[in-house]
Amino acid sequence: MLGEDQAKTTGVAVEKIRIVLLVLAAFLTGTAVAVSGTIGFVGLVIPHVLRLTLGSDHRLLLPASAIGGASFLVCADLVSRTIPGITLQVGIVCALIGAPIFLLLILTSKGGRM
């Protein structure tokens, strides 16, 4: 909580711990998506999009994420059922819409490069 400089002066290997935590977070996220499927991917995309539009106040962001995620899944289900002659699963529609949005969020973030 005091910052990297304070952690370094107390003997914590900040860079090593940062890399381990990033790898662990990526592994856990990949595992969650693999287990729950692409519909669970909505739980990653919708809150980030809403955070950019609504700000980071969790009192507003949490209910908006729940409503936004549910609305997105209802719309994806509607699209998957109404395309004439094609039967799509909801997960495919979520992936087709969610993956480019998530990629755009990654590329336009402060750490990403275009």
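Worth saying up front: this structure is predicted, and the values here are computed from it rather than measured.
- Summarising the geometry of Leu54 relative to Ala64, their closest heavy-atom pair is CD1-CB, 3.5 Å, with the distance given to 0.1 Å.
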>> side-chain contact (heavy atoms from CB on, under 4.5 Å), that's the test. Do Leu50 and Thr53 meet it? Break it down for me.
In response: CA-CA 5 Å; Leu50 289 175; Thr53 58; 4.0 Å; yes

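- Note on Leu52 and Val49: same hydrophobic cluster, where clusters join Ile, Leu, Val, Met, Phe, Trp and Tyr whose side-chain heavy atoms are under 4.5 Å apart, directly or indirectly.
- Ile97 is connected to Ile86 through a chain of hydrophobic side-chain contacts under 4.5 Å among Ile, Leu, Val, Met, Phe, Trp and Tyr, so both are in one cluster.
- Once rounded to the nearest 0.5 Å, the distance linking CD1 of Ile46 with SG of Cys94 reads 8.5 Å.
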Less than 3.5 Å apart, which donor and acceptor atoms pair up between the side chains of residues 68-83 and the rest of the protein, not counting sequence neighbours?
unit_1 : atom_1 : unit_2 : atom_2 : d
Ser71  : OG     : Ile67  : O      : 2.8
Asp77  : OD1    : Arg81  : NE     : 2.9
Asp77  : OD2    : Arg81  : NE     : 3.0
Ser80  : OG     : Ala76  : O      : 3.4
Ser80  : OG     : Asp77  : O      : 2.8
Thr82  : OG1    : Leu78  : O      : 2.7

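- Residues that satisfy the side-chain hydrogen bond (donor to acceptor under 3.5 Å, both in side chains) test with Asp57, not counting sequence neighbours, are Arg59.
- By the criterion of side-chain heavy atoms lying less than 4.5 angstrom apart, applied directly or through intervening Ile, Leu, Val, Met, Phe, Trp or Tyr residues, Leu24 is not grouped with Ile19; the two fall into different hydrophobic clusters.
- Cluster annotation: Leu60 and Leu62 are assigned to distinct hydrophobic clusters (Ile/Leu/Val/Met/Phe/Trp/Tyr, side-chain heavy-atom contacts under 4.5 Å, transitive).
- In this view, Glu4 and Arg18 satisfy the side-chain hydrogen bond (donor to acceptor under 3.5 Å, both in side chains) rule, not counting sequence neighbours.
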